[in-house]
Asker: 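Before we start, here is the structure in question, set down as structure tokens.
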2 protein chains.
Amino acid sequence: MARSMAAKDGEAPRTRDAEATQKRILAAAKREFSRLGLGGARVDDIAEKANANKRMIYHYFGSKEDLFKKVLEDAYQDIRAAESKLDLKGLPAETALEKLVRFTWKYYLDHPEFLTLVNSENLHKARHLKSSQNIEAINRPLHNMVQDILDRGVREGVFRSGLDEMQLNVTIAAVSYYYFTNRFTGAVVYKRDFMTEEALRARIDFNVDTILRLVRV
Amino acid sequence: MARSMAAKDGEAPRTRDAEATQKRILAAAKREFSRLGLGGARVDDIAEKANANKRMIYHYFGSKEDLFKKVLEDAYQDIRAAESKLDLKGLPAETALEKLVRFTWKYYLDHPEFLTLVNSENLHKARHLKSSQNIEAINRPLHNMVQDILDRGVREGVFRSGLDEMQLNVTIAAVSYYYFTNRFTGAVVYKRDFMTEEALRARIDFNVDTILRLVRV
DNA sequence: TTCCTATGTAACTATTTAGTTATTTAGCGG
DNA sequence: CCGCTAAATAACTAAATAGTTACATAGGAA
């Protein structure tokens with residue numbers, strides 16, 4: 001006769017904790033989506049690596065696409081929250097800008113999954129982000145922060161005026177983002193390891209220099 | 001009784017042309033791989049869009065992965081060939097560098113598939129490129145070209161010395177590459193269309209400025 | 001103590017997918 | 001113009017995959 005219990009032999013039945021299960025699913029989904037992209041990630045694998053059941057993924061998140069959307073929203077929320085903690089208000093414009101450039105670099109270095117998630121979302125023409133309700137509010141503080149630094153720099157007489165906040169922001173992201181996401185083809189094309197301590201130090205210094213030269217009068 | 005002919009009713013049997021078939025397969029594969037990534041592209045779809053048969057893909061290219069590898073090698077070959085036609089040898093260093101920056105921008109704009117192919121390859125840690133025999137020779141002219149420009153600029157007294165060719169090359173690529181690949185999330189985050197004529201003009205001018213400020217003494 | 005529902009498991013399904021096999025035939029060398 | 005090989009087609013297979021259904025039960029509310 002079949003056992004009536006669902007739990008495996010020898011294992012105590014799991015204590016129930018909806019919140020913890022959702023967190024484990026989100027963490028596993030983030031790993032898998034960033035490692036393999038939306039198309040390459042497998043729902044079965046996410047369930048297994050979350051130590052959960054596929055049924056729970058559909059129960060809590062609706063579909064693979066909706067799960068991806070939630071992972072992506074959380075990723076944006078996380079980077080914007082980390083940026084907000086920088087507190088650059090009181091600093092001279094140049095110092096503030098350098099801090100922001102170094103922060104961006106460090107965040108990408110420590111959260112490589114953010115980069116591949118964003119890449120995957122762009123491969124899909126940002127259709128998940130487009131339908132996100134929260135994303136506008138999430139990103140607003142970043143625009144204000146950079147605009148403030150630019151304004152302050154002009155008032156201090158150290159930055160040129162008329163600089164576009166978006167162009168600067170995109171360039172700050174670009175010089176770090178591209179280095180990391182393209183480090184594998186880069187290693188082949190330039191025949192060097194992009195991730196040694198020495199290589200990383202050289203690149204972030206170069207990036208700070210690039211951005212400061214860009215804004216200075 | 002079943003028809004013995006393989007061709008569809010009413011269609012003349014295809015004239016045989018191995019080279020043309022391979023070209024159609026490569027073109028369709030490039031489109032599909034760049035549109036959906038290595039993981040997202042479907043061999044059946046590639047065959048159909050190539051107006052060919054799946055069997056031919058395996059016959060000529062061995063496997064889906066090998067087909068991707070060939071598409072990628074061709075893509076690198078194409079951009080490097082286009083670069084070689086620039087012929088910057090006789091120009092002043094600043095003019096040559098600006099031409100290279102504008103060329104890179106224009107190439108990415110006209111060949112968006114190159115960007116997504118490279119992204120896909122980096123998601124897979126460049127394992128196809130790593131095992132490519134030709135890729136080293138394909139990329140060598142680029143290094144020489146940029147190193148020559150840097151050397152000439154120093155001799156002319158307009159560029160600083162000690163600049164790393166790789167850092168400059170990566171930055172030239174980064175400021176254009178990132179703008180294009182992240183234009184979808186960018187449109188959401190900055191609430192503007194990245195691809196209007198005006199937006200494109202503003203960005204390329206900004207990029208030229210960024211790079212020239214970076215190298216000037 | 002007893003229900004009831006949210007939490008959880010496992011087995012199932014319909015479809016898709018990379019890769020193969022069986023077969024046909026165009027077009028060229030002799 | 002014969003016969004062979006490379007080019008081409010279509011049908012097939014085994015495995016994988018997103019999503020569903022059927023069922024079990026922990027643990028809180030009544």
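We name chains A, B, ... by the order of the sequence lines, and we start the count at 1 in each one.
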Asker: Using only heavy-atom distances, decide whether a donor-acceptor pair under 3.5 angstrom links the side-chain of Asp17(B) to the base of dA7(D).
Answerer: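 Between dA7(D) and Asp17(B), which were checked side chain against base, a qualifying N/O pair under 3.5 Å is absent.
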
Asker: Is any side-chain N or O of Thr21(B) closer than 4.0 Å to OP1 or OP2 of dA7(D)?
Answerer: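 Answer is no, no contact under 4.0 Å.
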
Asker: Any idea which of dG19(D), dT9(D), dG8(C) is nearest the Met56(B) side chain?
Answerer: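 So the nucleotide nearest the side chain must be dT9(D).
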
Asker: Quick one: Ile57(B) CD1 to dT20(C) P, roughly how many Å, whole number?
Answerer: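 Interatomic distance, CD1 of Ile57(B) to P of dT20(C): 13 Å.
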
Asker: Can you say whether the rings of Phe180(A) and Trp105(A) are parallel (under 30°), tilted (30 to 60°) or perpendicular (over 60°)?
Answerer: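 Taking Trp105(A) first and then Phe180(A), their aromatic rings sit tilted (interplane angle of 30° to 60°).
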
Asker: What is the distance, to the nearest angstrom, from the CZ atom on Arg55(A) to the C1' atom on dC12(C)?
Answerer: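 Checked: the CZ to C1' distance equals 14 Å.
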
Asker: Answer yes when Asp66(B) and Lys70(B) have at least one side-chain N-carboxylate O distance shorter than 4.0 Å, and no when they do not.
Answerer: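 Lys70(B) and Asp66(B): not salt-bridged.
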
Asker: Detail all sub-3.5 Å separations between protein N/O atoms and N/O atoms belonging to nucleotides 28-30 of chain C.
Answerer:
none

Asker: Is the closest side-chain donor-acceptor distance between Lys69(A) and Ser131(A) under 3.5 Å?
Answerer: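 Per modelled atom types, Lys69(A) and Ser131(A) side chains form a pair under 3.5 Å.
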
Asker: I need the CD1-C1' distance between Ile25(B) and dA7(D), as an integer number of Å.
Answerer: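 Rounding to the nearest Å, CD1 of Ile25(B) and C1' of dA7(D) are 11 Å apart.
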
Asker: Please verify the inter-ring angle class for His111(B) with Tyr107(B); under 30° counts as parallel, over 60° as perpendicular, anything in between as tilted.
Answerer: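 Parallel, since the angle between the ring planes stays under 30°.
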
Asker: Walk me through it: do Thr210(A) and Val175(B) pass the test side-chain contact (heavy atoms from CB on, under 4.5 Å)?
Answerer: CA-CA 11 Å; Thr210(A) 301; Val175(B) 293; over 6 Å; no

Asker: With the threshold set at 4.0 Å, does a side-chain nitrogen-carboxylate oxygen contact exist between Lys49(B) and Glu32(B)?
Answerer: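 Looking at Glu32(B) together with Lys49(B), the answer is yes, because their closest N to O distance falls below 4.0 Å.
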
Asker: Under a 4.0 Å heavy-atom cut-off, which of residues 119-127 of chain B touch DNA chain C?
Answerer: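 Heavy-atom contacts with DNA chain C come from no residue of residues 119-127 of chain B; none.
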
Asker: How many whole angstroms separate atom CZ of Phe61(B) from atom C1' of dA7(D)?
Answerer: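 Going from CZ in Phe61(B) over to C1' in dA7(D) covers 14 Å.
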
Asker: Looking only at the side chains, is there a donor atom on one of Arg24(A) and Asn51(A) sitting less than 3.5 Å from an acceptor on the other?
Answerer: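 Asn51(A) and Arg24(A) do not have a side-chain donor-acceptor pair below 3.5 Å.
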
Asker: With under 30° as parallel and over 60° as perpendicular, where do the rings of Tyr177(A) and Tyr108(A) fit, or are they tilted in between?
Answerer: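 Tyr177(A) vs Tyr108(A) ring planes: perpendicular.
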
Asker: Verify whether one side chain among Ser176(A) and Arg102(A) offers a donor that lies under 3.5 Å from an acceptor in the other.
Answerer: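 There is no such pair between these side chains.
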
Asker: Can you run down the salt bridge (Lys or Arg N to Asp or Glu O under 4.0 Å) pairs that involve residues 164-181 of chain A, sequence neighbours left out, and say none if there aren't any?
Answerer: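 Qualifying pairs, neighbours excluded: Asp164(A)-Arg192(B).
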
Asker: Working to the nearest 0.5 Å, report the span between CG of Leu212(B) and CZ of Arg213(A).
Answerer: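 Interatomic distance, Leu212(B) CG to Arg213(A) CZ, rounded to 0.5 Å: 11.5 Å.
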
Asker: Looking at residues 30-50 of chain A, who's got a heavy atom less than 4.0 Å off DNA chain C?
Answerer: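 Heavy-atom contacts with DNA chain C come from no residue of residues 30-50 of chain A; none.
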
Asker: Output the rounded distance in Å from NZ (Lys64(B)) to P (dT16(C)).
Answerer: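 These atoms are roughly 15 Å apart.
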
Asker: Report the distance from atom CG of Asn53(A) to atom P of dT21(D), rounded to the nearest whole Å.
Answerer: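 It is 15 Å, rounded to the nearest whole Å.
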
Asker: Which nucleotide in the list dT9(C), dA18(C), dG19(D) gets nearest to the side chain of Tyr58(B)?
Answerer: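 The listed nucleotide nearest to Tyr58(B)'s side chain is dA18(C).
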
Asker: Please enumerate all protein N or O atoms sitting under 3.5 Å from an N or O of nucleotides 1-6 of chain C, with distances to 0.1 Å.
Answerer:
from   : atom 1 : to       : atom 2 : distance (Å)
dA6(C) : N3     : Arg16(A) : NH1    : 3.0

Asker: Not counting sequence neighbours, list each pair that qualifies as a salt bridge (Lys or Arg N to Asp or Glu O under 4.0 Å) and has a residue in residues 119-134 of chain B.
Answerer: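 Passing the test, one end in residues 119-134 of chain B: Glu65(B)-Arg127(B).
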
Asker: For Phe68(A) together with Phe33(A), are the ring centres under 6.0 Å from each other?
Answerer: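 Here the rings of Phe68(A) and Phe33(A) have centres that are less than 6.0 Å from each other.
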
Asker: In whole Å, I'd like the distance from the CZ atom of Phe68(B) to the P atom of dA18(C).
Answerer: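 One finds 14 Å between P of dA18(C) and CZ of Phe68(B), rounded.
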
Asker: Return yes if a side-chain donor-acceptor contact under 3.5 Å exists between Arg140(B) and Asn144(B), otherwise no.
Answerer: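 Side-chain D/A pair, Arg140(B) to Asn144(B): absent.
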
Asker: With hydrogens left out and only the distance checked, is there a donor-acceptor pair under 3.5 Å joining Lys54(B)'s side chain and the base of dA18(C)?
Answerer: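 Between dA18(C) and Lys54(B), which were checked side chain against base, a qualifying N/O pair under 3.5 Å is present.
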
